[in-house]
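Have a look at the structure below, then the notes.
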Amino acid sequence: MKSYFLGICYHIASLFDNSTRVHVRMLKDGVYQKYVATCDGAHGHEYNDSMKVMSYENKMINESFNHKCSLIKTANPTLHEDGNNRKWKIYLMFSLPQIVHDDKPVFSIGISITKKRNDLFYFLNYCEIETIIGRHIKCIASVPEIKSFIENFYFSST
């Protein structure tokens with residue numbers, strides 16, 4: 001799963017310049033934490049720095065999940081939960097409703113940039129990037145063995 005999501009991150013990052021971080025957060029231990037991340041756009045590498053943990057009730061993730069849409073921070077300032085605002089000025093994020101646990105999305109994807117505006121965000125939002133990626137995630141999530149693996153590996157109580 002990590003390799004698959006890392007590939008998605010690299011692919012999305014290749015659309016941007018070198019001031020970009022693309023990441024996947026995963027619901028684990030009651031919070032959304034970094035799962036994988038890349039940075040520096042088309043010339044990217046894996047982003048190994050830590051990332052702020054987001055709360056279980058994160059409004060951006062929950063609204064994206066409830067409305068099945070991507071959200072841009074500047075268009076939804078009341079939903080924003082503080083992260084690293086010193087470097088990453090704006091982001092687009094979306095949850096992946098194809099994989100859930102306890103009625104919450106297990107994964108969300110975020111694209112963060114250091115600039116205050118990027119029209120590509122609005123284009124990706126308009127094109128419904130979450131639907132495009134979601135189709136591929138739905139194929140994976142429909143395989144019983146993978147669904148079972150996710151549930152047992154990440155959410156097993158033992």
Side-chain angles (χ1 to χ4, degrees), residues 1-13 15-16 19-40 44-114 118 121 124-125 128-142 146-158:
M1 289 296 295
K2 278 191 173 186
S3 295
Y4 184 77
F5 278 121
L6 198 56
I8 289 173
C9 289
Y10 277 119
H11 188 72
I12 294 171
L15 301 172
F16 292 87
S19 60
T20 307
R21 177 186 72 192
V22 181
H23 65 274
V24 175
R25 289 187 193 274
M26 184 183 86
L27 176 62
K28 187 166 173 98
D29 299 327
V31 293
Y32 287 96
Q33 53 189 282
K34 175 183 161 189
Y35 187 56
V36 295
T38 63
C39 64
D40 294 334
H45 58 278
E46 193 165 354
Y47 184 81
N48 293 316
D49 292 354
S50 63
M51 289 176 51
K52 185 174 186 258
V53 171
M54 295 294 165
S55 71
Y56 183 75
E57 296 301 327
N58 182 282
K59 291 178 185 176
M60 289 287 275
I61 293 172
N62 287 314
E63 283 295 309
S64 171
F65 177 69
N66 291 336
H67 296 287
K68 297 183 181 20
C69 65
S70 59
L71 299 170
I72 299 171
K73 173 190 171 188
T74 53
N76 299 280
T78 60
L79 302 177
H80 168 71
E81 182 176 317
D82 281 340
N84 184 351
N85 294 332
R86 290 179 304 264
K87 182 173 184 178
W88 308 107
K89 303 296 181 197
I90 182 175
Y91 62 86
L92 175 144
M93 66 77 47
F94 53 94
S95 64
L96 296 169
Q98 297 80 9
I99 302 174
V100 297
H101 178 75
D102 291 339
D103 297 320
K104 289 280 194 179
V106 173
F107 298 103
S108 69
I109 295 179
I111 307 165
S112 306
I113 60 172
T114 58
N118 189 308
F121 275 2
L124 293 175
N125 181 263
E128 299 181 357
I129 186 174
E130 69 282 358
T131 302
I132 297 165
I133 292 174
R135 278 188 227 129
H136 298 284
I137 301 299
K138 184 177 180 179
C139 290
I140 289 174
S142 67
I146 292 178
K147 214 172 188 178
S148 176
F149 168 78
I150 291 170
E151 191 66 34
N152 293 328
F153 189 79
Y154 295 111
F155 299 104
S156 176
S157 60
T158 58

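Just so you know, these numbers use all the heavy atoms, side chains as well, and skip hydrogens, waters and symmetry mates. Owing to the predicted nature of the structure, the values given are computational and were not obtained by experimental measurement.
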Worked check of side chain to side chain contact (heavy atoms under 4.5 Å, CB included) between V24 and I8: CA-CA 9 Å; V24 175; I8 289 173; 5.9 Å; no

Contact check, side chains of I111 and L124, non-hydrogen atoms, under 4.5 Å: yes

Identify the heavy atoms of [X] and [Y] that sit nearest to each other, and give their distance.
| X | Y | result |
| --- | --- | --- |
| Q33 | V53 | CB-CG2, 4.2 Å |
| I61 | M93 | CG1-CE, 3.6 Å |
| C9 | V36 | SG-CG2, 4.1 Å |
| V106 | Y32 | O-CE2, 4.1 Å |
| T78 | K59 | O-CD, 4.0 Å |
| T38 | A13 | OG1-CB, 3.9 Å |

Residue among M51, R25, K2 satisfying side chain to side chain contact (heavy atoms under 4.5 Å, CB included) with Y35: K2

From [X] atom [atom1] to [Y] atom [atom2], the distance as rounded to the nearest 0.5 Å:
| X | Y | atom1 | atom2 | result |
| --- | --- | --- | --- | --- |
| T131 | K138 | OG1 | NZ | 11.0 Å |
| I113 | C39 | CD1 | SG | 14.5 Å |
| E46 | H23 | CD | NE2 | 14.0 Å |
| I99 | I140 | CD1 | CD1 | 7.0 Å |
| L92 | N125 | CG | CG | 6.0 Å |
| D103 | F65 | CG | CZ | 6.5 Å |

Aromatic centroids of F16 and F121 separated by under 6.0 Å: yes

Distance only, no hydrogens: is a donor on one side chain within 3.5 Å (strictly under) of an acceptor on the other, for [X] and [Y]?
| X | Y | result |
| --- | --- | --- |
| H80 | Y91 | yes |
| N62 | K104 | yes |
| E130 | S70 | yes |

Quick one: does [X]'s side chain have a donor or acceptor within less than 3.5 Å of a partner on [Y]'s backbone?
| X | Y | answer |
| --- | --- | --- |
| E63 | L79 | no |
| S108 | S95 | no |
| N58 | M54 | no |

Test side chain to side chain contact (heavy atoms under 4.5 Å, CB included) applied to Q98 and F107, step by step: CA-CA 9 Å; Q98 297 80 9; F107 298 103; over 6 Å; no

Greater than 12 external heavy atoms within 6.0 Å of H101's NE2: yes

F149 and M1: CA distance, side-chain angles, deciding distance, side chain to side chain contact (heavy atoms under 4.5 Å, CB included) verdict: CA-CA 10 Å; F149 168 78; M1 289 296 295; 4.2 Å; yes

Steps toward side chain to side chain contact (heavy atoms under 4.5 Å, CB included) verdict (I129, I12): CA-CA 10 Å; I129 186 174; I12 294 171; 4.2 Å; yes

